[in-house]
Every structure is written in C-alpha cells, then in structure tokens.
Amino acid sequence: MNKLILFCLIAFICCGDINKAVEYLVAHARSIIVRPSSKCIADALQAGGFKFTRQSSAYMYRTNGVLAKIGFKEISKPSSFKKGDITVTENNAAHPHGHIAMYTGSKWISDFIQRSEFVFASNQPPVHYYRYQQ
C-alpha cells in the first residue's frame with residue numbers, strides 16, 4: 001500500500017495536466033498579439049502543473065530541451081493534431097525569438113488565437129511539433 005501511495009505522489013509531482021494547461025490558455029486568449037508567445041505558453045503549462053525554467057525566447061523551449069524534460073516528445077507533422085500539441089517555430093533574422101503555440105483541440109493559440117499552426121506571413125522558419133506523452 002505504501003508503494004502505491006509513493007508512486008501516485010511521484011506521478012503527481014512529475015507530471016502536468018495538459019487539460020488544465022489548455023483550459024488556462026483558452027481562458028486567457030486574445031484576438032490580437034499582445035504578449036510574447038513564450039510567456040503565454042509558459043503560463044499555461046505552469047497552470048497545468050508542469051515544472052520547468054522559463055525561457056526568454058520561444059525557440060528555446062526546443063533548443064534547451066525544456067519540452068522534452070516535461071514529457072513532450074518531438075514528432076513529425078501529424079495528419080491530425082491532438083489537444084495539447086505544441087509547435088515551436090525556430091528563430092531567424094526576421095523572427096529572432098521564434099514562436100510557440102498550443103493546440104486546444106479546435107484551434108491554435110499562443111498569445112492570440114491563430115488561423116493555423118503557422119504564424120509568420122513571410123520568412124517562415126522551420127516548425128517542430130511536440131506531443132505530450134503522459
């Protein structure tokens with residue numbers, strides 16, 4: 001019995017709740033760009049109970065391995081997206097901080113409600129896809 005309690009406690013401490021993260025993101029979504037995408041996604045993940053060090057730029061959540069450390073696995077572009085999927089857009093000269101967004105099950109949200117997983121109209125850097133592995 002004690003081993004079961006310890007396992008549940010470890011699982012609770014180590015894992016986040018992707019549904020709570022998405023709920024937070026939806027509740028705080030704007031219709032226009034207001035804040036850095038990295039802040040908004042970090043706020044949502046932390047609201048879901050994920051523990052990590054915040055990064056100063058969106059692309060760093062990939063390059064510094066933050067998403068992998070909290071249970072997200074990089075995947076090839078899926079034929080359909082799942083609630084909680086994350087895209088990280090690399091940085092380039094036109095977009096020095098890159099971009100990060102999360103799929104709610106029906107739409108992509110970062111700091112605003114997006115039309116698709118792609119956000120930049122021009123000079124689109126490569127996009128990487130992540131899915132939470134509970």
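Note that this is a predicted model, so its numbers are computed, not measured.
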TODO: Quick one: do Ile109 and Lys107 satisfy side-chain contact (heavy atoms from CB on, under 4.5 Å)? Show the steps, please.
DONE: CA-CA 6 Å; Ile109 298 178; Lys107 58 190 151 206; 4.3 Å; yes
Open item on the list: With side-chain contact (heavy atoms from CB on, under 4.5 Å) as the criterion, how do Phe72 and Tyr61 come out once you've worked through the C-alpha distance, each side chain's angles and the decisive distance to 0.1 Å?
Closed with: CA-CA 11 Å; Phe72 285 83; Tyr61 283 89; over 6 Å; no
TODO: List the steps, then state whether side-chain contact (heavy atoms from CB on, under 4.5 Å) holds for Ile100 with Tyr130.
DONE: CA-CA 11 Å; Ile100 188 168; Tyr130 287 84; over 6 Å; no
- [ ] Take His99 and Ser110, measure what side-chain hydrogen bond (donor to acceptor under 3.5 Å, both in side chains) needs, and give me the verdict at the end.
- [x] CA-CA 8 Å; His99 188 73; Ser110 55; 3.3 Å; yes
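Here the straight-line distance linking atom CZ of Arg62 with atom OG1 of Thr89 works out to 11.0 Å at 0.5 Å rounding. Taken from CG in Asn19 to NZ in Lys83, the straight-line distance is 4.0 Å, to the nearest 0.5 Å. Remark: Thr63 OG1 to Asn91 CG distance equals 7.5 Å, nearest 0.5 Å. Note that OG of Ser37 is 8.0 Å distant from CD of Gln114, once rounded to the nearest 0.5 Å. Here CZ of Phe50 is found 12.0 Å from CD1 of Ile41. Values are rounded to the nearest 0.5 Å. Here the straight-line distance linking atom OG1 of Thr104 with atom NZ of Lys82 works out to 15.5 Å at 0.5 Å rounding.
For Tyr24, the ring-ring contact (aromatic ring centres under 6.0 Å, His included) criterion is met by His28, not counting sequence neighbours. By the side chain to side chain donor-acceptor pair (under 3.5 Å) test, Gln124 pairs with no residue at all, sequence neighbours left out. A search for side chain to side chain donor-acceptor pair (under 3.5 Å) contacts involving His95 returns nothing, not counting sequence neighbours.
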Can you list, pair by pair, the side-chain donor-acceptor contacts under 3.5 Å of residues 53-60, counting residues two or more places apart and other chains?
| residue | atom | partner | partner atom | Å |
| --- | --- | --- | --- | --- |
| Arg54 | NE | Gln46 | OE1 | 3.1 |
| Arg54 | NH1 | Asp43 | OD1 | 3.2 |
| Arg54 | NH2 | Asp43 | OD1 | 2.3 |
| Arg54 | NH2 | Gln46 | OE1 | 2.8 |
| Gln55 | OE1 | Asn64 | ND2 | 2.5 |
| Gln55 | NE2 | Thr53 | O | 2.9 |
| Ser57 | OG | His97 | ND1 | 2.5 |

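Sorted by first then second residue, the salt bridge (charged side-chain N to carboxylate O under 4.0 Å, His left out) pairs that include residues 117-134, not counting sequence neighbours, are Lys77-Glu117, Asp85-Arg131.
Ile113 and Ala29 get closest at one heavy-atom pair: CG1-CB, 3.9 Å. Minimum interatomic distance between Pro125 and Phe120 (heavy atoms only, all atoms of both residues): CD-CD1, 3.6 Å.
Counting heavy atoms from C-beta on, the side chains of Val22 and Met102 come closer than 4.5 Å.
Phe81 forms part of a hydrophobic cluster together with Ile75, Tyr103, Trp108, Phe118, Val127, Tyr129, judged by ILVMFWY side-chain heavy-atom separations under 4.5 Å.
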